[in-house]
Amino acid sequence: MSLLSENVIPGNHGKIFETNATEHKDLLKIKNAISNIYGVQDVLLDEDVFPKKITIHTSSIVSVKDIEDAVIKTGFHAIPKSLFEL
């Protein structure tokens with residue numbers, strides 16, 4: 001594994017995660033849980049696609065594991081997408 005695959009690096013691109021949550025209220029719970037992690041600057045939800053996508057921007061390096069653990073506490077999962085789409 002590498003720094004890029006195991007962490008969310010600060011910058012304009014952010015990192016995209018997919019979740020198994022489908023309801024708006026559940027996505028808001030996930031957004032709130034992720035927002036409480038130190039270093040998370042912004043959490044954007046894309047509810048128009050399936051599976052739902054979450055884009056996370058940070059102000060410092062944040063571990064993907066920390067994000068996954070925060071989402072698991074809400075009863076759902078967040079899986080990071082590949083580094084760069086072709």
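Atom NE2 of His24 and atom NZ of Lys31 lie 8.5 Å apart (nearest 0.5 Å). Here Lys15 contributes atom NZ and Ile56 contributes atom CD1; the two are 9.5 Å apart, rounded to the nearest 0.5 Å. A distance of 9.5 Å separates CG of Leu44 from CG of Asp46, quoted to the nearest 0.5 Å. Here NZ of Lys52 is found 10.0 Å from OG1 of Thr19. Values are rounded to the nearest 0.5 Å. Taken from CG in Asn20 to CZ in Phe50, the straight-line distance is 8.5 Å, to the nearest 0.5 Å.
Comment: Lys73 does not engage Asp69 in a salt bridge, judged by the lack of any side-chain N to carboxylate O separation of less than 4.0 angstrom.
With contacts defined as side-chain heavy-atom distances shorter than 4.5 Å, the pair Glu18/Lys81 qualifies. A 4.5 Å side-chain heavy-atom check between Ile34 and Val71 finds at least one atom pair inside the cut-off. For the pair Leu27 and Glu23, the minimum side-chain heavy-atom distance is 4.5 Å or more. When side chains are defined from C-beta on, Glu6 does not count as touching Ser63, because their heavy atoms never get closer than 4.5 Å. The closest side-chain heavy-atom distance from Ile61 to Pro10 is below 4.5 Å. Considering only heavy atoms from C-beta on, Ile54 stays 4.5 Å or farther from Ile16 through its side chain. Side chains of Val43 and Phe17 form no contact here, defined as non-hydrogen atoms less than 4.5 Å apart. Counting heavy atoms from C-beta on, the side chains of Ile37 and Val62 come closer than 4.5 Å.
Using modelled atom types, one side-chain atom of Asn36 and one backbone atom of Asn32 make a donor-acceptor pair closer than 3.5 Å. Distance alone, capped at 3.5 Å, places no donor-acceptor pair between the His57 side chain and the Val40 backbone. The closest donor-acceptor contact from the side chain of Ser59 to the backbone of Gly39 lies under 3.5 Å. Without hydrogens or angle criteria, Asp26 side chain to Ala21 main chain gives no donor-acceptor distance under 3.5 Å.
Cluster annotation: Ile67 is connected to Leu28 through the hydrophobic network of ILVMFWY side chains, with a link wherever side-chain heavy atoms come within less than 4.5 Å.
Closest non-hydrogen pair, Glu68 versus Pro80, comes out as OE2-CD, 3.5 Å.
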